[in-house]
Amino acid sequence: MTPGTRAGAPAEDSDDLDVEEALALVREPKNAAAPAAPAAAPDEGRHERHRATAWPRAREVAARAARSGSRRTPVSVPLTESLGLVLATPLDALTDLPSFDTSAMDGWAVAGPGPWAVREQDALAGHALPAPLTDGEAVGIATGARIPADTTAVLRTEHGRTDAQGRLHATREMNHGQDIRPRGQECRSGDQLLPVGTLVTPAVLGLAAAAGYDTVTAVARPRIEVLVLGDELLTEGRPHDGLIRDALGPMLPPWLRAMGADVIGVRRLGDDAKALHKALTGSRADLVVTTGGTAGGPVDHVHPTLERMGAELLVDGVKVRPGHPMLLARTKENQHLVGLPGNPLAAVSGLLTLAEPLLRTLAARPAPEPYTLALGEAVHGHPYDTRLVPVVLRGDRAMPLHYNGPAMLRGVAAADAMAVVPPGGAQQGEETELLDLPWAAAGIGVCFT
């Protein structure tokens, strides 16, 4: 079956997607056009290679797939729960900022030329508005306190002294309005502070709170259900008797949360076709992520189950190593499935190739700007497929890490990013595209909760 086809149905054009969704706010990165796919090897799995999608194209399909669904309803979210979401309505100022004339420094509010007689009662932040000043009068004032009427300026503590008679003198020249933050200096009530599509960072939370918000209207986190397949997996203890520890069950939920998702469940189904069918047909998640079972072995049930459901395969294999047998399907009108290979590093490749672009669209998060670094040493490539190789960043170099086989996590556990190595490999010093890992990327991606 070619990408974008339904079992027993004619092929569909997977580009025929609704890209005008109100909340499809993803900003495409520059220079994101997919290069032409390399020619297939004449004697290497012709049918499989014809079916597989080039790596850049697969990411593009995944990013666009969710836009053909119905509109996602914005939600009102308390500030304390909105970190990492995307604004679905503009953040408009609910008040002037500051909402009153306020002192920018600790010191004295003074009126007219000095020296000044100092009042006994200081003006403090959060207290009532002090009485107006008269010329030649001063009052001690704290940062953030309201400015008395008729104040000329604020004299900083370090710029004033008192004489034996208790009169205040300036020790340096002072300008009218100095160290006073006038009402509305930052914004006026009704001003747009941030537009639709802004990612809620800690600084955005602070601004929203300062502007008087208790909640924001945002795009809801995509709901994800993880289905772990495989009879050979242990949930505790050491591997033994042909059984291995499940690495993906512990790894995927926090990784997906770091991508902005809400993981609503992790279920271990073993190699049970009936259980897989029941789980998929009954899921209420926006995205189902499966592990293993995507190849053509005797207990690989993902493809037959999707065919039985009438699911639409959008990507059926990707020309990338590791992770070639990954897939993306539309299982329901507003639900997708990403099938990850069972090998751990191959699953990481599937996360970065298919899950991340899809989740980014569902959450309306902006696409990261692509960037490159020179490789610190040469990397062998696959003859026809892209390779994703874990690297550590050292200055202006990306140093490839060893232990990067499909079943290995030792390399990626120490990595900052994954290098996108083109077919044929890359030489030392060659500029190579990098994909940041969530915990290494600057910004909101470091939040795992």
Side-chain angles (χ1 to χ4, degrees), residues 18-29 63 66-67 69-100 102 125-126 144 181 183-225 253-264 284-287 334-335 355-369 436 438-439 441-449:
D18 177 9
V19 298
E20 300 301 325
E21 291 294 333
L23 297 177
L25 304 172
V26 178
R27 296 187 285 275
E28 299 292 346
R67 299 187 188 180
S70 62
R71 298 171 187 264
R72 303 188 72 227
T73 304
V75 293
S76 179
V77 184
L79 285 187
T80 54
E81 300 174 14
S82 64
L83 186 67
L85 300 184
V86 168
L87 294 181
T89 58
L91 192 75
D92 296 335
L94 302 179
T95 182
D96 297 343
L97 286 182
S99 56
F100 48 83
T102 182
R181 292 189 64 209
R183 176 173 181 165
Q185 182 185 52
E186 185 169 3
C187 66
R188 289 293 185 181
S189 180
D191 287 352
Q192 184 180 113
L193 303 176
L194 296 169
V196 168
T198 298
L199 184 68
V200 179
T201 64
V204 171
L205 289 178
L207 177 62
Y213 283 85
D214 299 315
T215 62
V216 293
T217 302
V219 181
R221 287 184 176 87
R223 298 166 301 164
I224 292 190
E225 189 169 13
W255 198 311
L256 292 164
R257 291 188 191 103
M259 289 180 172
D262 178 14
V263 179
I264 61 175
R284 297 291 182 264
D286 300 304
L287 172 64
N334 299 312
Q335 184 186 79
E356 188 277 331
L358 179 67
L359 287 174
R360 188 195 326 135
T361 300
L362 286 172
R365 297 174 74 168
E369 286 289 331
D436 281 325
W439 53 88
I444 204 63
V446 299
C447 179
F448 286 88
T449 57

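Side-chain atoms are counted along with the backbone in the values below, which use heavy atoms only and exclude waters and symmetry mates.
Of the inter-residue distances, the one linking Met259 atom CE with Arg365 atom CZ reads 9.5 Å to the nearest 0.5 angstrom. If you take CG on Leu359 and CD1 on Ile224, they are separated by 4.0 Å, rounding to the nearest 0.5 Å. Between the CG atom of Leu94 and the OG atom of Ser99 there is a distance of 12.0 Å, given to the nearest 0.5 Å. In this structure, CG in Leu193 is found 7.5 Å from CD in Glu186, a value given to the nearest 0.5 Å. The CG atom of Asp92 sits 5.0 Å away from atom OH of Tyr213, with the distance rounded to the nearest 0.5 Å. The distance from atom CG of Asp262 to atom CG of Leu256, rounded to the nearest 0.5 Å, is 11.0 Å.
Residues Pro90 and Gln192 approach most closely at CB-NE2, 3.7 Å, considering heavy atoms. Between Leu362 and Val219, the closest heavy-atom pair is O-CG1, 3.5 Å. Considering all non-hydrogen atoms of both residues, Ala208 and Leu79 come closest at CB-CD2, 3.8 Å. Residues Thr361 and Ala66 approach most closely at CG2-CB, 4.1 Å, considering heavy atoms. Residues Pro74 and Ala88 share a closest heavy-atom pair of CB-CB, 3.6 Å. Taking all atoms of both residues into account, the shortest heavy-atom contact from Val216 to Leu91 is CG1-CD1, 4.2 Å.
Formation of a donor-acceptor pair under 3.5 Å by the Gln335 side chain with backbone atoms of Ala285 is found in this model. Judged purely by atom type and a 3.5 angstrom limit, Thr102 uses its side chain to pair as donor or acceptor with the backbone of Gly144.
Proximity of Pro222 to Leu287: side-chain heavy atoms (C-beta onward) are nowhere separated by under 4.5 Å. You'll find the side chain of Val86 reaches within 4.5 Å of the side chain of Leu199, heavy atoms only. Side-chain atoms of Pro368 and Arg360, non-hydrogen and from C-beta on, do get closer than 4.5 Å to each other.
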> Which is it for Asp286 and Arg223 under the salt bridge (Lys or Arg N to Asp or Glu O under 4.0 Å) test, yes or no, and what are the steps along the way?
Replying inline: CA-CA 5 Å; Asp286 300 304; Arg223 298 166 301 164; 3.4 Å; yes
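Of the options Leu207, Leu194, Leu205, a side-chain contact (heavy atoms from CB on, under 4.5 Å) to Val200 is made by Leu205 and by none of the others.
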